[in-house]
Asker: 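Got a structure for you, questions after.
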Protein chains: 2
Amino acid sequence: MLGPDSACCAPMVREPLGEEAAAELSRMFKALSDPVRLRLLSLIASHEGGEACVCDLIGPFEVSQPTISHHLKVLRETGLVGSERRGTWVYYWVLPAALEKLSALLRTPTVPAQAGA
Amino acid sequence: MLGPDSACCAPMVREPLGEEAAAELSRMFKALSDPVRLRLLSLIASHEGGEACVCDLIGPFEVSQPTISHHLKVLRETGLVGSERRGTWVYYWVLPAALEKLSALLRTPTVPAQAGA
DNA sequence: GAGCTGCATCGACGTCTGTCGATACAGCCG
DNA sequence: CGGCTGTATCGACAGACGTCGATGCAGCTC
């Protein structure tokens, strides 16, 4: 889904983002812009074995199961997680390349000493 | 606006995000979830001297000046950029600590060899 | 002070998004 | 096969979001 030439990886503080790259990256950030999705992602990533069954992901939240399923779909379609059905259960895992891509983009080339600012 | 104990900095793949941290971080990602804002941010960051006048930020886009102003407000209120009026013009600059915070959050602890996956 | 330019705010509008309950589908078990 | 559990999809609805034109405010210039 994400073409190899689609965007980025250099910090965005180096040179302005093109329209296409910005459009694609903004879609990924949008996927992270919901607190439930953010927690889902960290829950999956930090889960034992690097993957989690949906059944493990419903309990921690106060939203309905369809809502969780919807959020997982968003994360999946954005390329942030992968999923696979194994018998009764469906497992999700994080795709680290996507996270790393965003992380690199936001990385500031010179670490600022402005922590106190 | 961002309390020192408010969140994060450790990769989210290490341990699940708490509700509060997720809420705050999702607000920052939401600020990055719009292509115009993303381009604004990179435009500001990559501008000569590390700061840019609003007058430099209107030309590259096809949206109206009020819309640019609105997006800059979002970036400002999220703590991603700072701003200051100098005479006639208003200058914006990136606050690297905020970017670095998000970058660290998304960083994957062990670099995955799954680039080909 | 009058007029001009740069930027922010306001109010309105259409669209997108998160949420739900209801329902459909997939696989296991007895 | 019938029923049960786990997950996804559907349709609907309220609220949030991006955008605009109009307007307001600040500071410069003459």
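Below, chain A is the first sequence line, B the second, and so on; all start at residue 1. Only this structure's heavy atoms are used, side chains among them; waters, hydrogens and symmetry mates stay out.
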Asker: Is there a continuous path of hydrophobic side-chain contacts, each under 4.5 Å between heavy atoms, that joins Y91(A) to I68(A)?
Answerer: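 The answer is no; the residues belong to distinct hydrophobic clusters.
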Asker: Considering all heavy atoms of both residues, which atom of A31(A) and which atom of T78(A) are nearest to each other, and what is their separation?
Answerer: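 Distance-wise, the nearest heavy atoms are CB-OG1, 3.6 Å.
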Asker: Check DNA chain C against residues 48-57 of chain B and give the residues with a non-hydrogen atom under 4.0 Å, in numerical order.
Answerer: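 Within residues 48-57 of chain B, the residues near DNA chain C are C53(B), V54(B), C55(B).
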Asker: Given the rule that I, L, V, M, F, W and Y join up when any side-chain heavy atoms are under 4.5 Å apart, are L72(B) and I58(B) in one cluster?
Answerer: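 Yes, one cluster joins them.
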Asker: Rounded off to whole Å, could you give me the CH2-to-C1' distance for the W89(A) and dT5(D) pair?
Answerer: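 Whole-Å distance recorded here is 9 Å.
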Asker: Let me know the distance between NE2 of H71(A) and C1' of dA8(D), rounded to the nearest Å.
Answerer: 14 Å
Asker: Which is more 5' along DNA chain C, the nucleotide nearest P66(A) or the one nearest Y91(B)? Just name the residue.
Answerer: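 With P66(A) and Y91(B) compared, the 5'-side residue is Y91(B).
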Asker: Specify the separation, in whole Å, of atom CG of L72(B) and atom C1' of dT19(D).
Answerer: 15 Å
Asker: Whole angstroms only, please: what is the CZ-C1' distance between R85(B) and dG24(D)?
Answerer: 12 Å
Asker: Do W89(B) and L40(B) belong to the same hydrophobic cluster, where Ile, Leu, Val, Met, Phe, Trp and Tyr are linked whenever their side-chain heavy atoms lie under 4.5 Å apart, directly or via other members?
Answerer: no
Asker: Under 3.5 Å, side chain of R86(B) to main-chain N/O of T88(B), donor-acceptor pair present?
Answerer: no
Asker: S33(A) side chain to S33(B) main-chain N or O, any donor-acceptor pair under 3.5 Å?
Answerer: no
Asker: Using the rule that two of Ile, Leu, Val, Met, Phe, Trp, Tyr join whenever any of their side-chain heavy atoms come within less than 4.5 Å, decide whether L43(A) and V94(A) are in one cluster.
Answerer: yes
Asker: Between P on dG6(D) and OH on Y92(A), what's the gap in Å once rounded to a whole number?
Answerer: 16 Å
Asker: Nearest whole angstrom, please: distance from the C1' of dG18(D) to the CZ of R37(B).
Answerer: 8 Å
Asker: Would you mind reporting whether V36(A) and T67(A) have side-chain heavy atoms less than 4.5 Å apart?
Answerer: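 Sidechains of V36(A) and T67(A): no contact.
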Asker: Grouping I, L, V, M, F, W and Y whenever their side-chain heavy atoms are under 4.5 Å apart, do V74(B) and L32(B) come out in a common cluster?
Answerer: no
Asker: Using a heavy-atom cut-off of 4.0 Å across all strands, would you classify T88(B) as base, sugar-phosphate, or nothing?
Answerer: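 Sugar-phosphate, backbone atoms only, no base.
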Asker: Atom NE2 of H70(A) to atom C1' of dG11(D): distance rounded to whole Å?
Answerer: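 After rounding, the reported distance stands at 14 Å.
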Asker: Would you mind reading off the distance between L75(A) atom CG and dA8(D) atom P, rounded to a whole angstrom?
Answerer: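 Those two atoms, CG and P, are 12 Å apart.
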Asker: Using a 4.0 Å cut-off on heavy atoms, which residues in residues 29-36 of chain B reach DNA chain C? List them by number, or say none.
Answerer: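 Heavy-atom cutoff 4.0 Å gives no residues at all.
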Asker: For a 4.5 angstrom cut-off between non-hydrogen side-chain atoms, does F29(B) reach L106(B)?
Answerer: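 Sidechains of L106(B) and F29(B): in contact.
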Asker: Taking any atom under 4.0 angstrom from a heavy atom of chain A, which nucleotides of DNA chain C are the first and last to qualify, 5' to 3'?
Answerer: dT17(C) to dC28(C)
Asker: Are any side-chain N or O atoms of R39(A) and backbone N or O atoms of A21(B), one a donor and one an acceptor, separated by less than 3.5 Å?
Answerer: no
Asker: Taking only side-chain nitrogens and oxygens of S64(B), does any of them come within less than 4.0 Å of OP1 or OP2 of dC20(D)?
Answerer: yes
